[in-house]
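In what follows, a single structure is set out as C-alpha cells and then discussed.
Here the structure is a predicted model, which means the values were calculated and not measured.
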Amino acid sequence: MPYPTDRERDRPWVMRTYAGHSSAAASNELYRRNLAKGQTGLSVAFDLPTQTGYDADHKLAKGEVGKVGVPIAHIGDMRRLFDGIPLAEANTSMTINAPAMWLLALYVTVAKEQAQAEERDVDEVLAKLTGTTQNDIIKEYLSRGTYIFPPGPSLRLITDMIAWTVHHVPKWNPINICSYHLQEAGATPTQEVAYALCTAIAVLDAVRDSGQVEEADMARVVARISFFVNAGVRFVEEMSKMRAFTALWDEITRDRYGVTDAKARRLRYGVQVNSLGLTEAQPENNVQRIVLEMLAVSLSRGARARAIQLPAWNEALGLPRPWDQQWALRMQQVLAYETDLLEYEDIFDGSRVIESKVDEIKAGAREEIDRVLEMGGAVSAVESGYMKSQLVSSLAEYRRGMEGGERILVGVNKFETTEPSPLQAEGAKAIETIDPAVEKQAVAALEEWREQRDNDTVTASLDNLRAVAGTTTNLFEATLQCASAGVTTGEWSQALRDVFGEYRAPTGVSAASASGAGAAELERVRERVRRTEEELGERLRILVGKPGLDGHSNGAEQVAVRARDVGFEVVYQGIRLTPEQIVAAAVQEGVHVVGLSVLSGSHLEVVPEVVDGLRAAGAEDIPVIVGGIIPPDDAALLTERGIARVFTPKDYELTDIMDGIVALVRETKGLAD
C-alpha cells in the first residue's frame, strides 16, 4: 500500500476480520458477506488439522475439523473457498505456518486457473497477487505450537518460498513474522520486538546465504518482509513499542543488509489486538478493550499499521457469530472514516514521554538481540530452550501481578459486581457452534476426492517432492506440481515428514522461574501437599496434558509451573498428544490426577476419551480435570462424562486451583480434609 506524503490525508489501512470455519463453501459465503460490508481484505483462518499438516481422517484430527478455521485438504477445497472472488483483485492474509508453502501453492494454482478461464496472461495475474502468508515457524516453537518439522528444514521451506515469490509473485508478502503470539505467551514489549527481529535476521540471513537471490535483489526481499504484531490495552506503551520496532527495523535492514532505499526499509505490519487478553467475566468490557488496543497501532502515523483485524467481544466464550465480526469491523470503520485521525502528521513527534519510552524499548531490544545472536541466532535460541523459558517466566510474572492485584483486570480481579448482560440473556445464542456433522462430511468428501483423482499422477508428484526435498533445489515448483495433481494436505506434509522428520520443541517449564500469588498462600498449599504426601507415603504427581492439535500451551505451562511450585511432581510432555498417549503416561508414571488443557473447542471429543481410556486401563481412580474455553453447557456435559473439575478463563487464581486439586486428590484417596 502506498504511503502518502505528510501533506496528504493518510489512507485507511486494510480492514480484515479473521474468519473461516466448517467448510470451504460455508467460509466462502462468510467472506462474500464480509466484503459486502466494507471489509477490504480477507484473513483466512485454517483449522488445526490443516495448520499441522493432517487430513480430516487422521486420528489426531478427531474433534478438530472445521472448529477454529476452515479445513483445506486439496485444490478442490481452495477453489470453493475463493469461488467468485477474483484473486488478482483480492488482498488475502493466510494464517498458516508449517504448511505455508503448500497453501500458497494451492492459492497460486487457483489464481492461474482463474486467469486461464478468463483468457488472461497468467504471469500478469500472478504479478498482481497481493497478500500475506504468516509463515513464521520460529514463534510456533515458542508459543502457538503448529510446527511440524525441525527448525532447520522449516527455515529451508521459508527460504525457498521467499525466493520463489520474489521472482514470480513480486507483490506478495511471503512471510509475516509474527510477534503477536509472543505477547500472548508472556513477552514484554522489549522481548516481543527483540525476538521478532531475531527471527527476521535468521530468515534474511538464510535467504542471503542460500544463493537463490542476487545481492542486488535483497532490497526486494526486505521490502516484502511483513510483520504481524499484538497490541495490548496499555496503549501508550504499545504505541511506543511500534515506534521502537519501526526504528530498529530501519536500522537493521540498512546496516546489516545494505538496503539504501528508505521505502524498502519501512516496517510493514498488520495487527490483531490481544485475543487472549479478552475476558470471560463481564465480556462486554472486551469492546472497549478492543477499541483502546486498536488506538495503539493507529494513533502514531509514522508507525501505523497497514492492516488491522479485530477480534470479537465474545472470543473468550467461543466462536464469534457473523454479527459479532461485523461489530468488530464497524469499530475500524468508525475510527477511519468518522474521526479526524488520518488528517494529521504524527502527533507524537517531539513528545518527551514517548521518546523516552521508545528509547527504553530500543535499548532493551538491542541488548536482547545481541544476546540471542551470541547464542548463534534465533534457531539456536529455540533449540536450547532459552527463548521459550524467558517467555514462560515472563508470563508467570504477569500472572503473579494479576493474582496479587498489582495488575488490574476490570471485572476479573476488581469491580466484579455486575448486572446481568443482555448480550448473554437466556435464549440468546451468544456464540457460533459447529455442527458435529462437519467432520463426517469432510472425511466423506476426502474419500471421494481420492477415488476421483489420478492417483498415478499423485504418486509421481509425491515421489518427486521427496526427491527434491533431499537436495538443495527450491521446493516450490515441486509443491505446485503436487497441488495441480490433487495431492492432499496430509500427503504433502507426510512426504516431507518422511525426509525431514518431526520435532518436539522444549516446553520451557523446567527452566522457568518460580512465581506465585503470594508467599503465605503458596506456603499454605505447599504444606497441604507435604501433609498429603506423608499420609499417602509417596510424592504427589500430576500429569498436565494437551490432547489433540491445540498448540496454545501457555495455560498448561503456567499450571505446570505452579504445580511444581507448590510441591507436585509434574509430568508434562508438551503439546499434540493422543488420548492413548496421555493415558499410557498417566498409568506408567502413577499420577494422582490428570489435568487437560484444550482451547480449540475439541473438548467434548478428546477429553472423554481420556476418562474412558483410564477406565479401560484399570485406572479409573485417577481423577481428570480440564481447563479451557468451555461454554457452561459443555462443562455440564463433561461433568456427566466423569470429569471431576472444569476450569475456564475466569478461574485465574492458580494457587487456589492447586489447592482445589489437592482437595480432589484427598477426596479421591479417602483422606479427611
Worksheet item: S22 and V438: which non-hydrogen atoms are nearest, and at how many Å?
Response: O-CG1, 3.1 Å
Discussion item. What's the separation between atom CE in M294 and atom CG in L335, rounded to the nearest 0.5 Å?
Written reply: 4.5 Å
Worksheet item: Do any N or O atoms from the side chain of S27 and from the backbone of H21 form a donor-acceptor pair under 3.5 angstrom?
Response: yes
Worksheet entry | Salt bridge present between R301 and E345 (N-O < 4.0 angstrom) | no
Worksheet item: Is the side chain of D121 donor-acceptor paired with the backbone N or O of E124 at a distance under 3.5 Å, no angle test?
Response: yes
Practice prompt. For the pair D261 and R220, find out whether any cationic side-chain nitrogen is under 4.0 Å from an anionic carboxylate oxygen.
Written response: no
Practice prompt. Under the salt bridge (Lys or Arg N to Asp or Glu O under 4.0 Å) rule, what do D10 and R306 come out as? Steps first, then yes or no, please.
Written response: CA-CA 11 Å; D10 201 359; R306 302 317 301 172; 3.7 Å; yes
Worksheet item: Is there side-chain contact between P49 and V65, with heavy atoms separated by less than 4.5 Å?
Response: yes
Worksheet entry | Spacing of CD belonging to E338 relative to CD belonging to Q333, to within rounding of 0.5 Å | 9.5 Å
Worksheet item: Can you say whether the rings of F82 and Y107 are parallel (under 30°), tilted (30 to 60°) or perpendicular (over 60°)?
Response: perpendicular
Fill in: Sub-4.5 Å side-chain heavy-atom contact between S421 and Q282
no
Worksheet item: Could you give the distance from CG (L104) to OG1 (T165), rounded to the nearest 0.5 Å?
Response: 7.0 Å
Worksheet item: Is a side-chain N or O of D47 found less than 3.5 angstrom from the main chain of G66, in a donor-acceptor match?
Response: yes
Worksheet item: Mind checking whether R234 and K241 have side chains closer than 4.5 Å, heavy atoms only?
Response: no
Worksheet item: Roughly how far, to the nearest 0.5 Å, is the CG atom of L549 from the CD atom of E64?
Response: 5.0 Å
Worksheet item: Salt-bridged, R80 to D83, with N to O below 4.0 Å?
Response: no
Fill in: Heavy atoms from other residues, nucleotides or ligands near CD of E118 exceed 12 (cutoff 6.0 Å)
yes
Worksheet item: Please walk me through it: do S275 and Y180 pass side-chain hydrogen bond (donor to acceptor under 3.5 Å, both in side chains)?
Response: CA-CA 10 Å; S275 288; Y180 175 88; 3.2 Å; yes
Discussion item. Using every non-hydrogen atom in the two residues, find where R16 and S43 come nearest and quote the distance to one decimal.
Written reply: CD-CB, 3.8 Å
Discussion item. Regarding R243 and D349, does a basic nitrogen lie under 4.0 Å from an acidic carboxylate oxygen?
Written reply: yes
Worksheet item: Under the side-chain hydrogen bond (donor to acceptor under 3.5 Å, both in side chains) criterion, do N34 and T17 qualify, and how do the steps go?
Response: CA-CA 8 Å; N34 287 345; T17 53; 3.2 Å; yes
Practice prompt. Check the pair T489, W102 against side-chain hydrogen bond (donor to acceptor under 3.5 Å, both in side chains), reporting the backbone distance first and the verdict last.
Written response: CA-CA 7 Å; T489 297; W102 172 244; 2.9 Å; yes
Discussion item. Please check this pair: side chain of S23 against backbone of A26, looking for a donor-acceptor N/O pair closer than 3.5 Å.
Written reply: yes
Item to complete: Assess whether side-chain hydrogen bond (donor to acceptor under 3.5 Å, both in side chains) is satisfied between Q134 and Q51, documenting all intermediate values.
Response: CA-CA 11 Å; Q134 192 171 108; Q51 291 185 51; over 6 Å; no
Response to the item:
Rounded to the nearest 0.5 Å, the CG atom of L106 sits from the NE2 atom of H74 at a distance of 10.0 Å
Worksheet item: How about M242 and V271: do any of their side-chain heavy atoms sit closer than 4.5 Å?
Response: no
Item to complete: State, with a plain yes or no, whether a side-chain heavy atom of Q332 is found less than 4.5 Å away from one of I290.
Response: no
Worksheet item: Among R265, R268, R266, K362, whose salt bridge (Lys or Arg N to Asp or Glu O under 4.0 Å) with D250 holds?
Response: R265
Discussion item. Parallel, tilted or perpendicular, judged at 30° and 60°: which one describes the rings of W249 and F227?
Written reply: perpendicular
Practice prompt. Measure the CD-CZ distance between E284 and R289 for me, rounded to the nearest 0.5 Å.
Written response: 9.0 Å
Practice prompt. Would you mind reporting whether T40 and N91 have side-chain heavy atoms less than 4.5 Å apart?
Written response: no
Worksheet item: Does any N or O in the side chain of Y269 come within less than 3.5 Å of the main-chain N or O of A303, such that one atom is a donor and the other an acceptor?
Response: yes
Worksheet item: Under a 4.5 Å cut-off applied to non-hydrogen side-chain atoms, are I162 and I175 in contact?
Response: yes
Item to complete: Mark yes or no for whether E237, through its side chain, and G232, through its backbone, hold a donor-acceptor pair below 3.5 Å.
Response: no
Worksheet entry | W327 side chain vs V287 backbone, donor-acceptor pair below 3.5 Å | no
Worksheet item: How about I177 and Y195: do any of their side-chain heavy atoms sit closer than 4.5 Å?
Response: no
Practice prompt. Scan side-chain atoms only and decide if T488 and D55 contain a donor-acceptor pair under the 3.5 Å cut-off.
Written response: yes
